[in-house]
Student: 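Pasting a structure here, questions to come.
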Amino acid sequence: MKLLNFNIGDDFISAVKEDLYLDLHNDFDFTGYSCDVLKKEFKLIFRKGRAEWIQNNGINNLAFKFKEVSFLKIQEGDSREYPDDERCLDGIGFNTEDMRSDMDSFLASNEFHDDYDLIFTFVSGLAIKIHSKEVFLETI
């Protein structure tokens, strides 16, 4: 998988695009995903939060757009007691193909290889693991 226009931050809760640090744990809320099975495309969507500490960097929404998806696994979370946990990112990281059954952890390294999967974990236990030919970070 090629990360086309961004990198994962060293803290594993952010994306860095054109030297802009995007804190997905503290400053953005996960709003959902969309999938086009026929086109093999998948999108993860985040919206800027409304807390007073969040600085205005001109980015209100962002989406990770995956093209030519070859692997997708979603583990449901348990957000009945704390529904906001479903929207709060816990971490972004990488896994090797032999770690596809592990939905709770990722490699503690920012050295990304094309054959790695990308995993998004959330406070509720929701986890989304994906492999595609490329992923693009769209910011609005």
Side-chain angles (χ1 to χ4, degrees):
M1 174 179 345
K2 302 273 187 210
L3 307 181
L4 294 181
N5 65 337
F6 72 99
N7 290 307
I8 303 301
D10 292 338
D11 55 9
F12 303 107
I13 62 166
S14 63
V16 179
K17 179 181 178 184
E18 300 168 357
D19 294 326
L20 184 62
Y21 175 84
L22 302 165
D23 183 339
L24 300 174
H25 174 76
N26 293 301
D27 297 347
F28 287 87
D29 296 323
F30 175 63
T31 61
Y33 58 84
S34 65
C35 184
D36 186 325
V37 175
L38 294 177
K39 291 183 179 179
K40 294 186 177 183
E41 294 179 352
F42 188 78
K43 186 189 304 187
L44 291 170
I45 305 158
F46 291 81
R47 181 184 60 229
K48 175 89 58 107
R50 296 195 172 120
E52 64 278 351
W53 69 80
I54 300 173
Q55 296 179 1
N56 184 5
N57 61 5
I59 308 293
N60 293 316
N61 298 287
L62 59 89
F64 293 88
K65 297 175 129 185
F66 297 86
K67 301 236 181 200
E68 296 185 44
V69 173
S70 58
F71 176 80
L72 174 65
K73 185 174 182 179
I74 300 173
Q75 172 182 279
E76 288 188 40
D78 182 2
S79 59
R80 288 173 283 181
E81 190 171 350
Y82 303 103
D84 288 344
D85 287 354
E86 195 82 8
R87 296 190 301 255
C88 186
L89 181 88
D90 192 43
I92 304 174
F94 312 114
N95 285 137
T96 57
E97 187 175 337
D98 63 336
M99 297 176 69
R100 286 193 167 163
S101 63
D102 179 358
M103 296 296 284
D104 298 317
S105 62
F106 49 81
L107 300 173
S109 169
N110 274 3
E111 188 176 323
F112 183 73
H113 298 273
D114 291 349
D115 60 342
Y116 283 0
D117 297 332
L118 197 54
I119 183 169
F120 294 76
T121 60
F122 297 84
V123 174
S124 68
L126 170 67
I128 301 169
K129 188 177 286 189
I130 189 164
H131 187 86
S132 65
K133 183 174 182 179
E134 59 188 31
V135 58
F136 178 83
L137 180 59
E138 178 180 78
T139 53
I140 302 168

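Just so you know, these numbers come straight off a predicted model, no measurement behind them.
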Student: Begin with the C-alpha distance, continue with both residues' side-chain angles, and end with the deciding distance and a verdict on side-chain contact (heavy atoms from CB on, under 4.5 Å) for Met1 and Phe112.
Tutor: CA-CA 9 Å; Met1 174 179 345; Phe112 183 73; 4.1 Å; yes
Student: Tell me if a side-chain donor or acceptor on Thr121 pairs with a main-chain N or O of Gly91 at a distance below 3.5 Å.
Tutor: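 Yes: the side chain of Thr121 pairs with the backbone of Gly91.
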Student: Are more than 12 heavy atoms, taken from residues, nucleotides or ligands other than Lys17, located less than 6.0 Å from that residue's NZ atom?
Tutor: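 Yes, the 6.0 Å shell around NZ holds more than 12 heavy atoms from other groups.
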Student: I want to check something: taking the side chain as every heavy atom from C-beta on, are Leu62 and Leu24 in contact at a cut-off of under 4.5 Å?
Tutor: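 Yes, close enough: below the 4.5 Å cut-off.
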Student: Sort out for me which residue in Glu41, Glu138, Glu134 forms a salt bridge (charged side-chain N to carboxylate O under 4.0 Å, His left out) with Lys67.
Tutor: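 Only one of Glu41, Glu138, Glu134 forms a salt bridge (charged side-chain N to carboxylate O under 4.0 Å, His left out) with Lys67, namely Glu41.
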Student: In terms of hydrophobic clustering (I, L, V, M, F, W, Y; side-chain heavy atoms under 4.5 Å; direct or indirect links), are Val135 and Ile59 co-clustered?
Tutor: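 Yes, it is one cluster - the side chains of Val135 and Ile59 are joined through contacts under 4.5 Å.
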Student: Is any side-chain heavy atom of Ile128 closer than 4.5 Å to one of Leu72?
Tutor: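 Contact flag for Leu72/Ile128 side chains = yes.
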Student: After noting the C-alpha distance and the side-chain angles of Ile140 and Asn60, does the key distance pass the side-chain contact (heavy atoms from CB on, under 4.5 Å) rule?
Tutor: CA-CA 6 Å; Ile140 302 168; Asn60 293 316; over 6 Å; no
Student: Closest approach of Asn26 and Ile54, non-hydrogen atoms and distance?
Tutor: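 So the minimum-distance heavy-atom pair works out to O-CD1, 3.9 Å.
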Student: Between Phe28 and Tyr33, is there a shared hydrophobic cluster once you connect ILVMFWY residues whose side-chain heavy atoms come closer than 4.5 Å?
Tutor: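 Yes; Tyr33 is reachable from Phe28 via cluster members.
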Student: I want to check something: taking the side chain as every heavy atom from C-beta on, are Lys73 and Arg100 in contact at a cut-off of under 4.5 Å?
Tutor: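 A side-chain contact under 4.5 Å is absent here.
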Student: Tell me which one of Asn61, Asp29, Asn57 satisfies side-chain hydrogen bond (donor to acceptor under 3.5 Å, both in side chains) with Lys48.
Tutor: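 Running side-chain hydrogen bond (donor to acceptor under 3.5 Å, both in side chains) over Asn61, Asp29, Asn57 with Lys48 returns exactly one hit, Asn57.
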Student: Is the backbone of Ile45 close enough, under 3.5 Å, to the side chain of Thr31 for a donor and an acceptor to pair up by distance?
Tutor: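 Here the side-chain-to-backbone pair exists.
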Student: Taking the inter-plane angle between the rings of Phe64 and Phe6 on a 0 to 90° scale, is it parallel (under 30°), tilted (30 to 60°) or perpendicular (over 60°)?
Tutor: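 Rings of Phe64 and Phe6: perpendicular, as their planes differ by over 60°.
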Student: Does any non-hydrogen side-chain atom of Asp23 lie less than 4.5 Å from one of Ile13?
Tutor: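 They are in side-chain contact.
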Student: Drop me the distance from Leu126's CG to Phe120's CZ, to the nearest 0.5 angstrom.
Tutor: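 So the CG of Leu126 and the CZ of Phe120 are separated by 11.0 Å.
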Student: side-chain contact (heavy atoms from CB on, under 4.5 Å), that's the test. Do Leu118 and Phe94 meet it? Break it down for me.
Tutor: CA-CA 5 Å; Leu118 197 54; Phe94 312 114; 3.4 Å; yes
Student: Check the angle between the aromatic planes of Phe30 and Phe122 and answer parallel, tilted or perpendicular using the 30° and 60° thresholds.
Tutor: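 Tilted.
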Student: Are Leu3 and Phe71 connected into the same hydrophobic cluster when the rule is that any two of I, L, V, M, F, W, Y join if their side-chain heavy atoms are below 4.5 Å apart?
Tutor: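 No, no single cluster joins them.
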Student: Compare every heavy atom of Ser14 with every heavy atom of Tyr21, then report the nearest pair and how far apart it is.
Tutor: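 Closest approach of Tyr21 to Ser14, heavy atoms only: CE1-OG, 3.1 Å.
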Student: Indicate yes or no: at least one non-hydrogen side-chain atom of Asp117 is less than 4.5 angstrom from one of Met99.
Tutor: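 No, side chains not in contact.
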Student: Is the side chain of Asn95 donor-acceptor paired with the backbone N or O of Ser105 at a distance under 3.5 Å, no angle test?
Tutor: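 Flag set: sc Asn95 to bb Ser105 pair under 3.5 Å.
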Student: Which residues pass the salt bridge (charged side-chain N to carboxylate O under 4.0 Å, His left out) test with Asp36, sequence neighbours left out?
Tutor: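 Asp36 satisfies salt bridge (charged side-chain N to carboxylate O under 4.0 Å, His left out) with no residue once adjacent residues are dropped.
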Student: NZ/Lys43 to NZ/Lys65 distance, rounded to the nearest 0.5 angstrom?
Tutor: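 These two atoms lie 4.5 Å from each other.
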Student: So if you build clusters from Ile, Leu, Val, Met, Phe, Trp, Tyr with side-chain heavy-atom gaps below 4.5 Å, do Tyr116 and Phe136 land together?
Tutor: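 Looking at the clustering, Phe136 is in a separate group from Tyr116.
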Student: Rounded to the nearest 0.5 Å, what separates atom CG in Asp10 from atom CZ in Phe12?
Tutor: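 It comes to 7.0 Å.
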Student: Could you go through the side-chain contact (heavy atoms from CB on, under 4.5 Å) check for Leu4 and Leu137 one step at a time?
Tutor: CA-CA 8 Å; Leu4 294 181; Leu137 180 59; over 6 Å; no
Student: Of the non-hydrogen atoms in Ile119 and Lys129, which two are nearest, and what is the gap between them?
Tutor: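 Between these two residues, the closest heavy atoms are CD1-CE, 3.6 Å.
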Student: Which distance, rounded to the nearest 0.5 Å, do you find between the CZ of Phe66 and the NE2 of His131?
Tutor: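 Answer for the CZ-NE2 pair, Phe66 versus His131, is 10.5 Å.
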Student: Consider only side-chain heavy atoms of I, L, V, M, F, W and Y, link residues closer than 4.5 Å, and tell whether Met103 and Ile74 are in one cluster.
Tutor: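 Hydrophobic grouping puts Met103 apart from Ile74.
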Student: So, for Gln75 and Gly125, which heavy atoms are closest and what is the spacing to 0.1 Å?
Tutor: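 Looks like NE2-O, 2.9 Å.
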Student: Just verifying a value: how many Å separate Glu86 CD and Arg80 CZ, rounded to the nearest 0.5 Å?
Tutor: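 It comes to 11.0 Å.
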